[in-house]
Novice: 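So that we are looking at the same thing, I have put the structure below in structure tokens.
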Amino acid sequence: MDQAIPNQPEDPLQHPDFDPGFAALVELTMETQRIDHEQAIAFLGERWAETGLGGIRPVPRPNRDPGGDGGALQQPDHDPPNPPRREPPMGNQAQEVQPADPVPAGAQPIMFDPDARIATTLTARPADYAIKRIEARKHVPMWYFTREGLREAARTVRQTDENDTLAITKAEEGQVTVRSAGSLSASKNAKLDHQLSYSEFMYAKNLFLTAIDNAKWGNDTVDSFNWFFHNLDNHPMREESERGEKALLLYASRARADWHDKLALCKAYNIATINEDLLTKIARELDSREVRANLEQVRKYSPTHSQI
């Protein structure tokens with residue numbers, strides 16, 4: 001049950017007797033306002049006249065009809081106005097709602113398989129330069145798909161935010177894209193196909209096939225390159241050890257470059273078919289190089305004059 005406020009007057013327009021009924025309030029007023037006892041009582045009286053008890057302005061009593069029976073209440077001429085309606089607090093929702101970013105015109109919603117999950121083995125990502133060349137159906141050295149090339153691509157990604165500048169490139173007809181300038185240039189460490197070891201070349205083929213498949217080169221083209229690598233890896237010349245592998249690498253290097261040259265002329269062919277005559281010619285070329293290199297070594301270390 002609520003406690004009664006001492007010395008509360010019957011008429012709310014008249015302030016109560018603050019002394020001694022509100023002694024604690026008077027002392028607090030004296031301390032906070034730095035005034036004496038009489039000034040504190042006068043101050044509280046003024047505040048009561050302004051705000052009433054508890055900070056609520058007292059409501060005047062309704063007028064009575066002096067001519068009515070028994071002092072009947074005089075009804076107002078109109079209904080009192082409704083108090084302003086206040087919305088309940090919404091917490092964090094009371095903050096201003098930011099409009100969502102506009103959806104680009106013609107953009108399609110992202111579709112995904114709700115039952116699919118991330119693969120157990122994640123495929124390494126080659127350099128953006130290599131991917132851009134693949135998307136443009138241009139020749140790119142297999143080095144970008146080797147372990148060395150992939151490590152450099154990973155380092156480039158980490159350094160992009162700090163060191164790379166941006167460049168504008170053409171994406172599709174009527175569209176441009178912004179890419180880091182470093183990702184658009186060839187690596188100074190890149191090697192030609194025949195400069196790789198045979199194991200490096202064969203390691204790179206799997207990522208290369210994945211890249212051209214993702215770039216929509218077409219099933220027939222992907223199959224043709226797949227058989228190309230298969231026929232090289234199973235060629236009888238591999239039995240000749242290092243000599244045979246060097247000949248196969250040089251053949252592959254020249255064949256891939258020539259295929260892209262012919263593609264630009266709309267004269268692409270089935271690269272899977274090994275031209276045995278060309279391969280034999282390349283093997284003889286390597287033999288001639290080796291012979292010349294050996295003769296050069298002999299001349300280098302031979303005495304310049306006869307010894308007595």
Side-chain angles (χ1 to χ4, degrees), residues 119-127 129-131 133-153 187 189-294:
T120 304
T121 303
L122 300 181
T123 304
R125 178 181 174 84
Y129 168 80
I131 295 177
R133 298 277 297 184
I134 291 292
E135 291 174 348
R137 302 184 179 183
K138 295 182 179 180
H139 177 266
V140 58
M142 296 290 286
W143 175 87
Y144 287 95
F145 304 95
T146 64
R147 290 183 176 90
E148 181 182 357
L150 296 174
R151 284 195 296 267
E152 181 175 297
S187 171
N189 299 317
K191 301 176 183 177
L192 299 176
D193 292 356
H194 59 275
Q195 295 174 327
L196 302 174
S197 67
Y198 187 82
S199 60
E200 288 175 333
F201 181 84
M202 285 300 167
Y203 173 88
K205 72 177 179 64
N206 291 330
L207 287 178
F208 172 80
L209 291 172
T210 300
I212 64 175
D213 185 39
N214 292 339
K216 303 296 187 294
W217 280 25
N219 293 335
D220 292 341
T221 305
V222 175
D223 289 343
S224 178
F225 273 93
N226 190 19
W227 279 106
F228 169 70
F229 295 119
H230 174 81
N231 292 336
L232 289 175
D233 200 31
N234 291 275
H235 197 276
M237 192 170 285
R238 282 209 61 202
E239 299 178 0
E240 300 182 24
S241 187
E242 184 178 355
R243 173 185 178 274
E245 290 181 349
K246 285 183 177 180
L248 290 169
L249 283 176
L250 186 54
Y251 174 89
S253 180
R254 293 180 178 177
R256 290 205 321 116
D258 181 73
W259 187 89
H260 282 278
D261 291 341
K262 296 300 190 294
L263 177 64
L265 301 173
C266 299
K267 296 181 179 180
Y269 48 82
N270 186 5
I271 197 173
T273 303
I274 304 298
N275 188 326
E276 298 294 341
D277 294 336
L278 177 59
L279 179 57
T280 301
K281 182 179 178 180
I282 290 175
R284 290 173 181 173
E285 178 185 337
L286 290 177
D287 291 340
S288 300
R289 291 182 186 178
E290 185 175 0
V291 170
R292 288 195 298 269
N294 291 336

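Basis for what follows: all heavy atoms, side chains included, without hydrogens, waters or symmetry-related copies.
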Novice: Do side-chain atoms of Y144 reach the backbone of I131 as a donor and acceptor pair under 3.5 angstrom?
Specialist: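 No: the side chain of Y144 does not pair with the backbone of I131.
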Novice: Within this structure, what is the CG-CD1 distance for the pair N275 and I282, rounded to the nearest 0.5 Å?
Specialist: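 Those atoms lie 9.0 Å apart.
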Novice: CG/D223 to CG/L209 distance, rounded to the nearest 0.5 angstrom?
Specialist: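 It comes to 9.5 Å.
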Novice: Return the CG to CG distance between N206 and N226, rounded to the nearest 0.5 Å.
Specialist: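 Taking CG in N206 and CG in N226, the distance rounds to 8.5 Å.
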Novice: If every non-hydrogen atom of Y269 is compared with every non-hydrogen atom of A255, which pair is closest and at what distance?
Specialist: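 Shortest heavy-atom separation between Y269 and A255 comes out as OH-O, 3.6 Å.
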Novice: What heavy-atom pair brings A215 and E135 nearest, and what distance separates the two atoms?
Specialist: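 Closest approach of A215 to E135: CB-CA, 4.2 Å.
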Novice: Could you check whether any side-chain N or O of T146 sits under 3.5 Å from a backbone N or O of W143, counting only pairs where one atom can act as donor and the other as acceptor?
Specialist: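 Here the side-chain-to-backbone pair exists.
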Novice: Nearest 0.5 Å, what's the CG-CZ distance between L279 and R254?
Specialist: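 One finds 11.0 Å between CG of L279 and CZ of R254.
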Novice: For E200 and K191, run salt bridge (Lys or Arg N to Asp or Glu O under 4.0 Å): C-alpha distance rounded to whole Å, both residues' side-chain angles, the deciding distance at 0.1 Å, then the answer.
Specialist: CA-CA 11 Å; E200 288 175 333; K191 301 176 183 177; 5.2 Å; no
Novice: Please walk me through it: do Y203 and L196 pass side chain to side chain contact (heavy atoms under 4.5 Å, CB included)?
Specialist: CA-CA 11 Å; Y203 173 88; L196 302 174; over 6 Å; no
Novice: Run the salt bridge (charged side-chain N to carboxylate O under 4.0 Å, His left out) test against R238 and tell me which residues pass, sequence neighbours left out.
Specialist: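 With neighbours one apart ignored, the set is D233, E245.
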Novice: If you count the non-hydrogen atoms of other residues, nucleotides and ligands that lie under 6.0 Å from CD in E242, is the total more than 12?
Specialist: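 12 or below, so no.
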Novice: Over 60° means perpendicular and under 30° means parallel, so tell me whether F225 and F229 are parallel, tilted or perpendicular.
Specialist: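 Taking F229 first and then F225, their aromatic rings sit tilted (interplane angle of 30° to 60°).
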Novice: Check whether more than 12 heavy atoms from other residues, nucleotides or ligands sit under 6.0 Å from atom CD of E240, and answer yes or no.
Specialist: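 Yes, enclosed.
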Novice: Output yes when K281 and D277 qualify as a salt bridge under the 4.0 Å nitrogen-oxygen rule, no when they do not.
Specialist: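 Not counted as a salt bridge, because no side-chain N and carboxylate O are separated by less than 4.0 Å.
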Novice: Is it true that the side chains of N234 and H230 contain a donor and an acceptor less than 3.5 Å apart?
Specialist: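 Yes, side-chain donor-acceptor contact under 3.5 Å.
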Novice: Got a donor-acceptor contact below 3.5 angstrom from the S288 side chain to the R284 backbone?
Specialist: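 Yes.
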Novice: Would T273 and F228 satisfy side chain to side chain contact (heavy atoms under 4.5 Å, CB included), going step by step from the backbone distance to the final call?
Specialist: CA-CA 7 Å; T273 303; F228 169 70; over 6 Å; no
Novice: Hey, is the main chain of D220 close enough, under 3.5 Å, to the side chain of S224 for a donor-acceptor pair?
Specialist: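 The answer is no, because no donor-acceptor pair under 3.5 Å joins these two groups.
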Novice: Between N214 and T210, is there a donor-acceptor pair closer than 3.5 Å when you use the side chain of the first and the backbone of the second?
Specialist: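 Checked: pair present.
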Novice: If you measure from NE2 on H139 to CG on D258, what distance do you get to the nearest 0.5 Å?
Specialist: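 Reported value, rounded in 0.5 Å steps: 10.5 Å.
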Novice: Within a radius of less than 6.0 Å around CZ of R147, do more than 12 heavy atoms belonging to other residues, nucleotides or ligands occur?
Specialist: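 At most 12 heavy atoms, drawn from other residues, nucleotides or ligands, come within 6.0 Å of this atom.
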Novice: May I ask you to check whether E152 and N189 show a side-chain donor-acceptor distance below 3.5 Å?
Specialist: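 N189 and E152 do have a side-chain donor-acceptor pair below 3.5 Å.
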Novice: Whether the side chain of R256 engages the backbone of V140 through a donor-acceptor N/O pair (distance < 3.5 Å, no angle test) should be reported.
Specialist: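 Yes, R256 side chain to V140 backbone: donor-acceptor pair under 3.5 Å.
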Novice: Given side chain to side chain contact (heavy atoms under 4.5 Å, CB included), test E276 with H235 step by step and report yes or no.
Specialist: CA-CA 10 Å; E276 298 294 341; H235 197 276; 2.9 Å; yes
Novice: How long is the span from the CG atom in N231 to the CD1 atom in I271, to the nearest 0.5 Å?
Specialist: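 CD1 of I271 is found 11.0 Å from CG of N231.
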Novice: Would you say W227 has more than 12 foreign heavy atoms packed within less than 6.0 Å of its CH2?
Specialist: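 No, CH2 of W227 has 12 or fewer neighbouring heavy atoms, counting only those of other groups under 6.0 Å.
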Novice: Salt-bridged, R243 to E290, with N to O below 4.0 Å?
Specialist: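 Here R243 does not pair with E290 in a salt bridge, since their nearest N and O are not under 4.0 Å apart.
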